[in-house]
Amino acid sequence: MSISKRFAELEHIRSALNEADADPGRIVMERMLSATEAEIAGRRTILAGTNNYLGLTFEPGILEASHQALREQGSGTTGSRMANGSFASHVALERSFAEFYEVPAAMIFSTGYQANLGILTGLLRAGDKVVIDAHSHASIYDGCRLSGADFFPFRHNDPEDLRKRLRRLGDDARGALVVTEGLYSMLGDIAPLAELLEVTEEFGAYLMVDEAHSLGVYGEQGRGVAEAAGILDRVDFITGTFSKSLGSMGGFCVSRHEQLNLLRYGSRPYIFTASSSPANIAAAHWALDHVRSHPELREKLWSNVAQLYSGLKDLGFRLGSAPSPVVAVRVDSHDEAARIWNELLASGVYVNLVVPPASPDGASLLRCSVSAGHSPEQIETIVAAFGEAISRTAFAGACCSG
Amino acid sequence: MSTEARDQYQEILQGLYTLLARFPTGNVELKEQTDLVADMGLDSINVMELLQEIEDRFDIIVPLNVMSDIRTVQDLAIQVQRLLGENS
């Protein structure tokens with residue numbers, strides 16, 4: 001395909017989004033007012049689509065930690081850890097992650113996307129086998145592709161289908177890698193990790209779990225869905241991000257295998273990129289400590305989840321899953337989703353508009369991410385805005401049961 | 001190609017036609033040279049579903065990475081036959 005054809009193809013996508021008045025890329029937060037509010041198009045808007053699950057981005061402690069790191073360590077690292085050296089703050093954060101998960105090894109990456117890319121390309125070689133949940137994030141698909149391994153999707157959250165696929169791999173199943181997520185970011189459903197682990201162990205394969213959306217949210221200590229499922233010590237690799245509940249930017253992997261550290265010598269997304277800035281590292285480290293010492297944040301989050309979920313359900317909306325910090329409202333068509341999304345913005349509520357191919361099963365979704373930073377009044381406003389949007393839309397009733 | 005291999009190929013082709021007929025074909029006549037995306041308009045979600053149905057029907061496992069080299073029904077049939085050969 002020539003570049004001009006590629007431009008034409010992308011222009012087609014942009015025009016289609018513009019015509020439907022549904023281009024999420026046009027949203028600009030002109031001024032941040034707090035972790036849960038910003039000005040968009042001059043309007044004070046409640047943010048319910050930021051993945052800021054614990055609402056830590058404006059906490060005085062996180063800001064002070066970042067400021068101090070800026071003053072003491074400078075604005076950037078200007079290089080990669082392998083080529084230009086690590087800062088003590090990178091090493092200290094890795095140590096904290098290893099302690100938090102009670103494992104011998106932790107590695108940090110410059111983004112969550114790169115964590116998955118770095119682990120998959122570091123672990124896998126051409127001809128290796130990796131079996132991934134069909135709803136996996138793009139970073140997992142891309143990591144598999146870049147590794148050159150043979151990769152096979154299994155039906156979403158279906159341990160029996162995983163078993164079938166591992167069986168078909170024959171002898172190659174032993175030592176293969178199985179990849180799943182904790183909380184799925186679009187529909188807000190969680191993986192049956194105990195069952196998936198049982199199948200993985202039955203075949204002698206390894207299990208990797210991406211807890212990007214579940215760190216700080218699930219489990220007694222906030223270590224994710226694997227902790228909540230009681231299997232934390234049996235998962236081989238856990239990846240995640242700093243850019244959601246930790247309110248910063250970066251990614252990590254922890255492992256019960258000390259050999260994870262060997263990937264520093266063979267993971268290109270780790271080696272050939274600048275390490276995270278001191279301010280990002282300091283913010284993530286402060287947030288990680290805060291997650292460990294403030295379980296009440298999770299209680300606040302789950303109370304907000306219950307309020308939003310029941311409010312939307314009472315209005316008759318069809319929701320993507322059981323209650324979770326991702327509350328996805330299903331609507332019947334792309335046009336209807338765009339119409340409601342614009343109505344919500346006009347009433348000062350920002351959620352995510354998700355349409356195929358970004359949605360996992362062809363659904364059109366209005367995806368809300370709940371934050372511990374939301375007040376009960378803000379949640380009430382979000383629910384009311386949904387109610388008004390649906391009563392004004394020409395498609396009223398098409399999205400709702402009853 | 002031996003007669004046996006030719007028969008097996010034809011059998012695979014017929015099986016694929018049956019599976020493909022369940023997808024929105026835009027009234028495209030299914031033949032070996034039918035392009036799965038350009039002619040049939042299959043999107044990435046359709047391709048994933050198709051893969052899973054092929055795997056169940058032939059009891060094989062198809063790496064998603066080989067799909068980027070597959071354009072036509074014939075390409076798909078050849079790939080299925082190759083994977084069946086690996087399994088036997």
Side-chain angles (χ1 to χ4, degrees), chain A residues 1 5 9 13 120-121 124-136 138 140-156 158 160-173 176-179 186 203 205 334 355-364, chain B residues 8-9 11-12 15-16 18-26 28 33-72 75-88:
Chain A
M1 182 187 281
K5 275 190 186 159
E9 186 183 80
I13 294 172
L120 291 165
T121 59
L124 302 167
R125 283 286 165 270
D128 288 345
K129 312 296 178 197
V130 50
V131 190
I132 69 175
D133 187 288
H135 285 196
S136 289
I140 293 171
Y141 277 94
D142 292 355
C144 290
R145 280 197 188 95
L146 196 58
S147 74
D150 290 333
F151 65 104
F152 311 89
F154 65 94
R155 284 181 210 276
H156 176 54
D158 187 339
E160 272 317 302
D161 199 64
L162 172 64
R163 178 177 277 116
K164 198 159 64 179
R165 284 181 161 69
L166 285 170
R167 179 182 57 73
R168 285 177 184 151
L169 280 176
D171 293 342
D172 286 340
L177 181 68
V178 173
V179 186
M186 289 294 136
F203 287 87
H334 183 164
V355 293
S359 57
D361 58 358
S364 293
Chain B
Q8 186 195 33
Y9 176 82
E11 209 175 297
I12 292 167
L16 290 178
T18 308
L19 291 179
L20 286 165
R22 294 187 207 143
F23 287 86
T25 61
V28 170
Q33 291 314 315
T34 302
D35 188 302
L36 299 172
V37 175
D39 298 331
M40 288 189 67
L42 295 188
D43 62 19
S44 57
I45 293 170
N46 295 147
V47 169
M48 297 276 273
E49 284 168 13
L50 175 65
L51 258 190
Q52 288 174 336
E53 291 192 16
I54 289 171
E55 290 181 345
D56 286 348
R57 184 178 184 105
F58 297 101
D59 198 24
I60 53 171
I61 183 154
V62 186
L64 196 56
N65 36 308
V66 308
M67 288 306 283
S68 54
D69 296 329
I70 290 172
R71 299 191 63 81
T72 64
D75 296 339
L76 195 53
I78 290 169
Q79 188 62 243
V80 170
Q81 189 169 28
R82 192 182 67 75
L83 289 165
L84 280 170
E86 277 179 13
N87 276 10
S88 61

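The sequence lines fix the lettering, A, B, ..., with proteins before strands; numbering per chain opens at 1. Side-chain atoms are counted along with the backbone in the values below, which use heavy atoms only and exclude waters and symmetry mates. Since we're looking at a predicted model, the values are computed, not measured.
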Using a strict threshold of under 4.0 Å (side-chain N to carboxylate O), is an ion pair present between A:Lys164 and A:Asp158? no

No-hydrogen, no-angle side-chain donor-acceptor test under 3.5 Å, A:Ser136 and A:Asp133: no

Residue selection (most heavy-atom pairs with chain B, distance under 4.5 Å) from A:Pro356, A:Cys144, A:Ala149: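 Heavy-atom pairs under 4.5 Å are most numerous for A:Ala149.
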
Residues in side-chain contact (heavy atoms from CB on, under 4.5 Å) with B:Thr34, at least two apart?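 In terms of side-chain contact (heavy atoms from CB on, under 4.5 Å), with neighbours along the sequence ignored, B:Thr34 is linked to B:Val28, B:Leu30, B:Lys31, B:Asp39, B:Met40, B:Val73.
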
Of all residues at least two apart in sequence or in a different chain, which pass the side-chain contact (heavy atoms from CB on, under 4.5 Å) check with B:Leu51?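 Partners of B:Leu51 under the side-chain contact (heavy atoms from CB on, under 4.5 Å) test: B:Val62, B:Leu64, B:Met67.
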
Turns out that what part of B:Asp43 lies under 4.5 Å from chain A's heavy atoms comes down to neither

Chain A heavy atoms under 4.5 Å from B:Glu55: which part of the residue, side chain, backbone, both or neither?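 Both backbone and side chain.
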
Please work out which of the three classes, parallel, tilted or perpendicular, describes the rings of A:His135 and A:His156, given edges at 30° and 60°.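 Ring orientation, 0 to 90° scale: parallel.
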
So what's closer than 4.5 Å to chain B heavy atoms on [X]: side chain, backbone, both or neither?
{"X": "A:Lys129", "answer": "neither"}
{"X": "A:Ser359", "answer": "backbone"}
{"X": "A:Arg167", "answer": "side chain"}
{"X": "A:Phe154", "answer": "backbone"}

Got a donor-acceptor contact below 3.5 angstrom from the A:Arg165 side chain to the A:Pro153 backbone? yes

